[in-house]
Amino acid sequence: MTAEAVFSIPGYVAGTWDIDPVHSEIGFSVRHMMVSKVRGRFTKFSGQLVTGTTPTDSSVTAEIDLASIDTGNDQRDAHIRSADFFEADKYTLMTYRSTGMRVEDGEYVVDGDLTIKDVTKGVPLKLELGGFGPDAYGGIRAGFSATAEINRKEFGVNFDAPMANGGAVVADKVSIYLEIEAVLAS
């Protein structure tokens, strides 16, 4: 029995899907001052998913506008756009391109390359399929959730502000989450 046969996905549709940015979210959280987490999201992004004849034959590409960072604080957002973090005036996009999809420990994992500031590293996304079904406008929609963790310094986001107690103002580890709704294009 193949790994595919173990999974039954009601309503599964093979095709090309456009990410619906109005009903999707790409966000992150990072430890701040060693005591809490700051959360943020990107408000401008696009992407396309291709679901294959089987889920592991699928792929995804996405582009995220780094200047669209929104943490709920204008001063902090401007700092994150600056040369201390993203250098968003020079490096305008963060991209993700899948390189494969697999089943690991009973869950789907999308393997892919994340590029930030012209640094590309492999980043696996733990994937949860939300489902497939008709929408109110005669189309077909699909939903996906995904999570990953990265070390920001591996991508050239090197801002360091040590604290007197030996900790850091911003942790190296960043948790990424995606809530994606996509519309069947073909």
Side-chain angles (χ1 to χ4, degrees), residues 1-30 37 39-66 68-69 86 91-133 135 139-157 172-186:
M1 180 179 283
T2 67
E4 291 301 334
V6 175
F7 296 96
S8 175
I9 303 169
Y12 182 84
V13 176
T16 301
W17 305 78
D18 294 322
I19 293 175
D20 176 357
V22 174
H23 296 102
S24 299
E25 184 169 71
I26 297 175
F28 65 91
S29 67
V30 63
K37 291 184 180 178
R39 299 184 192 289
R41 63 189 185 99
F42 296 92
T43 60
K44 294 181 184 173
F45 52 87
S46 62
Q48 193 171 67
L49 300 93
V50 177
T51 50
T53 54
T54 65
T56 54
D57 292 328
S58 300
S59 64
V60 62
T61 59
E63 293 185 340
I64 298 105
D65 179 346
L66 288 174
S68 74
I69 185 91
F86 286 148
Y91 304 102
T92 58
L93 295 176
M94 172 178 14
T95 63
Y96 188 82
R97 306 224 184 290
S98 64
T99 58
M101 190 164 160
R102 59 191 159 87
V103 177
E104 182 179 283
D105 297 328
E107 295 185 352
Y108 286 109
V109 176
V110 177
D111 292 309
D113 292 330
L114 178 65
T115 301
I116 304 172
K117 295 177 70 171
D118 285 346
V119 176
T120 302
K121 298 274 184 190
V123 174
L125 296 171
K126 293 180 182 177
L127 181 69
E128 178 184 326
L129 302 173
F132 297 80
D135 64 20
I140 299 176
R141 294 193 176 244
F144 307 89
S145 299
T147 58
E149 285 187 353
I150 64 168
N151 181 320
R152 65 183 175 86
K153 290 186 176 179
E154 290 179 355
F155 292 92
V157 182
D172 295 347
K173 183 177 87 172
V174 179
S175 297
I176 299 170
Y177 68 90
L178 300 99
E179 292 296 333
I180 303 297
E181 188 171 307
V183 180
L184 184 65
S186 62

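Rounded to the nearest 0.5 angstrom, Leu93 CG and Ile116 CD1 are separated by 11.5 Å. One finds the OG atom of Ser29 at 15.0 Å from the CZ atom of Arg41 (value rounded to the nearest 0.5 Å). If you take CD1 on Ile26 and CE on Met94, they are separated by 7.5 Å, rounding to the nearest 0.5 Å. Separating the CG atom in Leu66 from the CZ atom in Phe86 is a distance of 5.5 Å, to the nearest 0.5 Å.
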Test log, rule side chain to side chain contact (heavy atoms under 4.5 Å, CB included), inputs Tyr96 and Asp113: CA-CA 6 Å; Tyr96 188 82; Asp113 292 330; over 6 Å; no
Candidate pair Leu178 and Phe144, rule side chain to side chain contact (heavy atoms under 4.5 Å, CB included), full reasoning: CA-CA 8 Å; Leu178 300 99; Phe144 307 89; over 6 Å; no
Side chain to side chain contact (heavy atoms under 4.5 Å, CB included) evaluation trace for Leu129 with Tyr12: CA-CA 10 Å; Leu129 302 173; Tyr12 182 84; 5.6 Å; no
Working for side chain to side chain contact (heavy atoms under 4.5 Å, CB included), residues Leu49 and Ile19: CA-CA 7 Å; Leu49 300 93; Ile19 293 175; 3.5 Å; yes
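For the pair Gly52 and Ala14, the tightest heavy-atom approach, listed with the atom from each and the gap, is O-CB, 3.4 Å. Residue Val110 comes nearest to Ser98 through the heavy atom pair CG1-CB, 3.7 Å, listed as atom of the first residue, atom of the second, then distance. Nearest heavy-atom pair across Pro124 and Ala148 is O-CB, 3.5 Å. Across all non-hydrogen atoms, the minimal contact from Ala146 to Leu127 is CB-CD1, 4.3 Å. Shortest non-hydrogen contact noted between Val123 and Phe155 is CG2-CZ, 4.0 Å. Of all non-hydrogen atoms in Val174 and Arg152, the two that sit nearest each other are CG2-CB, 4.0 Å.
Qualifying salt bridge (charged side-chain N to carboxylate O under 4.0 Å, His left out) partners for Arg39, counting only residues two or more places apart in sequence or in other chains: none. Contacts of Lys44 classified as salt bridge (charged side-chain N to carboxylate O under 4.0 Å, His left out), with partners at least two apart in sequence or in another chain: none. Asp111 pairs by the side-chain hydrogen bond (donor to acceptor under 3.5 Å, both in side chains) definition with Arg102, not counting sequence neighbours. The salt bridge (charged side-chain N to carboxylate O under 4.0 Å, His left out) search around Glu149 returns Lys173, not counting sequence neighbours.
Applying the side-chain hydrogen bond (donor to acceptor under 3.5 Å, both in side chains) rule to pairs touching residues 119-131 yields Thr115-Thr120, sequence neighbours excluded. Within the structure, side-chain hydrogen bond (donor to acceptor under 3.5 Å, both in side chains) contacts touching residues 18-27 (residues at least two apart or in different chains) are Asp18-Gln48, Asp20-His23, Asp20-Arg141, Glu25-Tyr177.
Side chain of Thr43 to main chain of Ser68: a donor-acceptor pair is present (N/O by atom type, distance under 3.5 Å, no hydrogens or angles). Between the side chain of Thr51 and the main chain of Gly15, a donor-acceptor pair closer than 3.5 Å is present.
Inter-residue side-chain proximity for Tyr108 and Leu125 is flagged as unmet; no heavy-atom pair is nearer than 4.5 Å. Side-chain contact between Phe42 and Asp65 is absent, with no heavy-atom pair separated by less than 4.5 Å.
Trp17 pairs with exactly one of Ile140, Val50, Val183, Ile180 by the side chain to side chain contact (heavy atoms under 4.5 Å, CB included) rule, that one being Ile140.
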